[in-house]
Amino acid sequence: MIEQLDQLYQDALTTLETAASTAVLEAWYRDTLGRKGSVQLLTRQVGGLSPEERPAFGKRVNEVKEALQQAYDGRAEHLKLAEIEAAIARDTLDVTLPGRSTTHGNLHVATKTLREIYKIWADMGFQVFRSRDVETDEYNFELLNIPQHHPARDMWDTFHTLTPGVILRTHTSPGQIHAMRTYAPEAIRVILPGMCYRYEQITARSEIQFHQVEGLAVGKNITFADLKGTLTSFARRMFGEQRKVRFRANYFPFTEPSAEMDVECILCNGNGCNVCKHSGWLEILGCGMVHPNVFRNGGYDPEEYSGYAFGMGPERIAMLKYGIEDIRYFWGNDLRFLEQF
Ligand code: FA5
């Protein structure tokens with residue numbers, strides 16, 4: 001039986017040498033050293049041996065098992081390395097190739113401009129006060145000194161909802177009344193940012209939805225000089241310290257007196273170009289001293305309080321700052337435009 005065992009050992013070693021894949025190797029293990037493998041089967045025949053022969057056979061069986069296990073381990077290691085080498089040769093990897101870059105999202109140019117505006121006003125002590133996009137006719141017009149059938153309503157073409165008297169706000173000015181009714185009789189310094197909606201012809205300069213940032217300062221002894229000084233500081237921080245500004249008289253029903261502020265054209269430095277229509281100036285906002293009727297509607301006594309308000313369009317400001325020719329790019333969802341900012 002020992003000869004039989006040695007023969008088995010020799011044969012198993014020879015087959016192991018030729019095992020060329022992990023699958024063949026595993027099959028060899030199962031057939032040779034496995035629970036029902038040839039070595040195990042031979043071991044079971046130990047019962048047929050005489051008691052004297054048994055120890056020598058047992059010892060030889062253990063030696064053979066150990067030697068085969070070692071041979072198996074060696075072959076397995078060899079095959080593993082060979083397979084790795086083959087894989088490397090097959091899938092050549094060029095470690096000098098640059099990695100694939102991932103795309104980063106970025107803030108919308110309108111959001112960036114809004115944040116820049118918030119920061120400048122925050123530095124001057126103005127808090128953000130938010131009010132709703134859907135307003136009543138009363139807040140959007142009447143409380144701002146624009147009664148029904150007043151001709152000034154033509155200044156703001158309105159989107160109406162199916163509910164009578166409920167509209168999409170045409171400007172952020174109704175926020176002035178909300179802020180006054182919240183804070184009266186305290187002093188106020190707030191900016192009121194938000195989306196506005198107008199039933200207008202869409203053109204290169206006008207959208208039907210756009211942002212505005214309203215501002216409101218209420219207190220005692222606030223004068224037109226405060227309005228001019230604060231807005232001039234804002235323009236210098238936004239467009240450059242040397243930038244000239246000018247105020248032109250204008251009309252808004254909720255301020256008296258009212259004005260529009262122009263900045264020296266930032267594209268041609270006031271020399272005249274297509275963007276400023278060769279005037280050298282660009283209009284950036286409307287403003288004025290809060291009208292006594294608006295004060296009364298907000299809960300302040302106009303004999304005691306004064307204040308100023310202004311309203312600017314961040315998209316128009318961004319157009320000037322970055323030389324954007326058409327406002328329709330803002331909501332056109334064209335990545336080629338959006339990725340530039
Ligand atoms: C107003 O809406 C006033 N409520 C501003 C105001 C507030 C005056 C407080 C006095 C006191 P106006 O219609 O001019 O004014 O709009 C203000 C700014 O919003 C404009 O200067 C412009 O920058 C922007 N704007 C107006 N209409 C559009 C539009 N269709 N598309 C893009 N921006 C617009």
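It should be emphasised that the depicted structure is a prediction, and the values quoted were computed from it without experimental measurement. One-based numbering, in listed order, for ligands and for the atoms of each.
- By heavy-atom distance, the residue among Met289, Glu283, Arg169, Arg316 lying nearest atom 21 (O) of ligand 1 is Glu283.
- Residues passing the side-chain hydrogen bond (donor to acceptor under 3.5 Å, both in side chains) test with Asp94 are Thr96, sequence neighbours excluded.
- Ligand 1 has a nitrogen or oxygen under 3.5 angstrom from a nitrogen or oxygen of Ser173.
- Looking at Arg205, His171, Arg198 and measuring to atom 13 (O) of ligand 1, the nearest heavy atom belongs to Arg198.
- In terms of the salt bridge (Lys or Arg N to Asp or Glu O under 4.0 Å) criterion, Lys65 has no residue partners (sequence neighbours excluded).
- The ligand atoms of ligand 1 that sit less than 4.0 angstrom from a heavy atom of Trp156 are 1 (C), 2 (O), 13 (O).
- Residue Thr255 places no N or O, backbone or side chain, under 3.5 Å from any N or O of ligand 1.
- Within ligand 1, the atoms closer than 4.0 Å to a non-hydrogen atom of Phe254 are 3 (C), 4 (N), 6 (C), 7 (C), 8 (C), 9 (C), 10 (C), 11 (C), numbered from 1 in the order shown.
- The protein heavy atom nearest to atom 16 (O) of ligand 1 is Gln212 NE2, 3.2 Å.
- Looking at ligand 1, you'll find an N or O of Glu200 within less than 3.5 Å of one of its N or O atoms.
- When hydrogens are left out, the protein atom nearest atom 31 (N) of ligand 1 is Glu207 N, 3.1 Å; that is the closest non-hydrogen contact.
- Considering Gly175, Gly311, Gly288, Gly215 only, the shortest heavy-atom separation from atom 5 (C) of ligand 1 involves Gly311.
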